[in-house]
Protein chains: 2
Amino acid sequence: MIRTTDSRSADAAARALYGGARMSEQRSLIARAVLSATGAFTADELHHRLRETSPGLGLATVYRALAAMHAAGGVATVGERGGSALLAHCVRDDHHHHLVCTSCGDVISVDCPLGETALAAAARAGHLVTRHEITLYGLCARCLRAGGGA
Amino acid sequence: MIRTTDSRSADAAARALYGGARMSEQRSLIARAVLSATGAFTADELHHRLRETSPGLGLATVYRALAAMHAAGGVATVGERGGSALLAHCVRDDHHHHLVCTSCGDVISVDCPLGETALAAAARAGHLVTRHEITLYGLCARCLRAGGGA
DNA sequence: ACTGAAAGTGAGAAGCATTCTCATCTTGGA
DNA sequence: TCCAAGATGAGAATGCTTCTCACTTTCAGT
Ligand SMILES: [Mn+2]
Ligand SMILES: [Mn+2]
Ligand SMILES: [Zn+2]
Ligand SMILES: [Zn+2]
């Protein structure tokens, strides 16, 4: 039986999030917390979770580790909540966006809705779109079944 | 000759931005600055501009006036730059988004690209999209002609 | 025009997320 | 093993935005 919590594969998965950079005990813990998170989280939330088993872990270290994972592409900013950035583990490597469940925090990957139509309209008006940010908020299938249909 | 700076119509336009609320000398000045801005601006930028002719104007007053206009619908958050919110005068009352020129700050109104296709895809997966944020960045026609084609 | 309660103002303090500083560990290749 | 580069933790610092409070202004009702 192969377990996803196997220490060898867990280490490899955690290490991969940093893109081959140096690994510390703290960064390993933080990466595992990111991998085991069910949905989106803020830096502070992750810090609180980690504090339960690692009381000495600093908040700045969490921020630094998340920035490193973000740079390596394993973590994405998927929205914001109450003034804090919402992050999540993101494996998809093609261009896409995220739907964040405002009830449970789950993150659903969505294809980019900016198609030929939208970009062509901008081009027709003489403009050039070089970058865009799209975030969807709503309810995931589970939360919609649970309470949205009442 | 009818001038856009006619005091009667300027007052009316400024007043309209607040949605009929009480009007002070400061709010009038701030509303005119919003109306005369060519594109997007931060609260601090607007404050600096206003300071040139109204040295006593407080930054908190600018923030409060912008919040009031935002609530009334005459001002929209159109993006962010360097950690500050980018605002702009927005008259369009139907659902739309904004393309901000990263060169000159001009704001171009764009139709919402989230069509049936995108929403249906989410619905098919059992999700419900209740809210979304879309911001485009790029170059306006003028800036594209000026430097983008070099 | 007068009055007064509600609303607005200015200065600075306060909040809050995030980043920086710096002295002190760790890590991992040589 | 050695050590230079990198990571850590605590708290200071930063920067945008909001709040507090004493004071002033607005305007609906008279
Ligand atoms: Mn993703
Ligand atoms: Mn608009
Ligand atoms: Zn959910
Ligand atoms: Zn431009």
Side-chain angles (χ1 to χ4, degrees), chain A residues 11-12 14-34 40-72 75-88, chain B residues 11-12 14-34 40-72 75-88:
Chain A
D11 271 358
R15 191 170 288 258
L17 282 182
Y18 295 105
R22 195 175 286 190
M23 177 68 64
S24 67
E25 186 56 38
Q26 290 92 333
R27 290 201 166 192
S28 176
L29 288 168
I30 296 168
R32 287 171 202 230
V34 166
F41 50 83
T42 66
D44 198 54
E45 284 169 6
L46 203 69
H47 183 233
H48 279 320
R49 286 177 209 167
L50 286 159
R51 272 272 171 125
E52 292 174 18
T53 52
S54 309
L57 188 66
L59 176 58
T61 299
V62 173
Y63 269 103
R64 283 184 291 236
L66 288 172
M69 289 188 255
H70 191 268
V75 161
T77 302
V78 299
E80 73 99 17
R81 188 176 58 209
S84 303
L86 275 180
L87 309 174
Chain B
D11 270 358
R15 191 170 288 256
L17 283 181
Y18 295 105
R22 198 173 286 191
M23 178 68 65
S24 67
E25 185 57 38
Q26 290 91 335
R27 291 202 165 191
S28 176
L29 289 168
I30 296 168
R32 289 171 201 230
V34 166
F41 50 84
T42 67
D44 197 54
E45 284 169 6
L46 204 68
H47 182 232
H48 278 321
R49 287 177 208 167
L50 285 159
R51 273 273 171 123
E52 292 175 15
T53 52
S54 309
L57 188 67
L59 175 58
T61 299
V62 173
Y63 269 103
R64 283 184 291 236
L66 289 172
M69 289 188 254
H70 191 268
V75 162
T77 301
V78 298
E80 72 99 17
R81 189 177 58 208
S84 303
L86 274 182
L87 309 175

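The sequence lines fix the lettering, A, B, ..., with proteins before strands; numbering per chain opens at 1. Values below: every heavy atom of this structure, side chains too, minus hydrogens, waters and symmetry copies.
- Between the C1' atom of C:dG8 and the CE atom of B:M69 lies a distance of 13 Å, rounded to the nearest Å.
- We find that CG of A:L59 is positioned 15 Å from P of C:dC16, with the value rounded to whole Å.
- Residue A:T61 places none of its side-chain N or O atoms closer than 4.0 Å to OP1 or OP2 of D:dA7.
- One interatomic measurement links the two molecules: CG of A:L66 to P of D:dA7, which rounds to 14 Å at whole-angstrom precision.
- Of the candidates C:dT9, D:dG11, C:dA11, C:dT9 carries the atom nearest the B:R27 side chain, counting heavy atoms from C-beta on.
- In terms of modelled atom types and a separation under 3.5 Å, the side chain of B:H47 and the main chain of B:T61 share no donor-acceptor contact.
- Atom CG of A:L50 and atom C1' of D:dG9 are 15 Å apart (whole Å).
- Pairing each heavy atom of A:R22 with each of A:R27, the nearest pair is O-CD, 4.3 Å.
- Phosphate proximity of C:dG10 to B:Q26: present, with a side-chain N or O under 4.0 Å from OP1 or OP2.
- In this structure, A:L46 atom CG and C:dT18 atom C1' are separated by 15 Å, rounded to whole Å.
- In terms of position along DNA chain D, the nucleotide closest to B:A85 lies nearer the 5' end than the nucleotide closest to the other residue of the pair B:E25 and B:A85.
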Check step by step if side-chain contact (heavy atoms from CB on, under 4.5 Å) holds for B:T42 and B:L87. CA-CA 6 Å; B:T42 67; B:L87 309 175; over 6 Å; no
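- When side chains are defined from C-beta on, B:L17 counts as touching B:V34, because their heavy atoms get closer than 4.5 Å.
- Side-chain N/O atoms of A:R22 and base N/O atoms of D:dA5 include a donor-acceptor pair closer than 3.5 Å.
- Among the heavy atoms of the strands, none lies under 4.0 Å from B:A65.
- Nucleotide D:dG15 holds its P atom 11 Å from the CG atom of B:D44, rounded to whole Å.
- Contact between A:R51 and A:L57 at its shortest, heavy atoms only, is NE-O, 3.0 Å.
- Counting non-hydrogen atoms under 4.0 angstrom, B:R64 reaches a base of the nucleic acid.
- The distance from atom CD of A:E45 to atom P of C:dC16 is 16 Å, rounded to the nearest whole Å.
- Between B:Y63 and D:dT18 there is no side-chain polar atom (N or O) within less than 4.0 angstrom of OP1 or OP2.
- Phosphate contact (OP1/OP2 of C:dT9, side-chain N/O of B:S24, threshold under 4.0 Å): present.
- B:A67 comes within contact range of no nucleotide atom at all, as no heavy-atom separation falls under 4.0 Å.
- Between the OH atom of A:Y18 and the C1' atom of C:dG28 there is a distance of 17 Å, rounded to whole Å.
- Residues B:T42 and A:I30 each lie close to DNA chain D; by heavy-atom proximity, the contact nearer the 5' end of the strand is made by A:I30.
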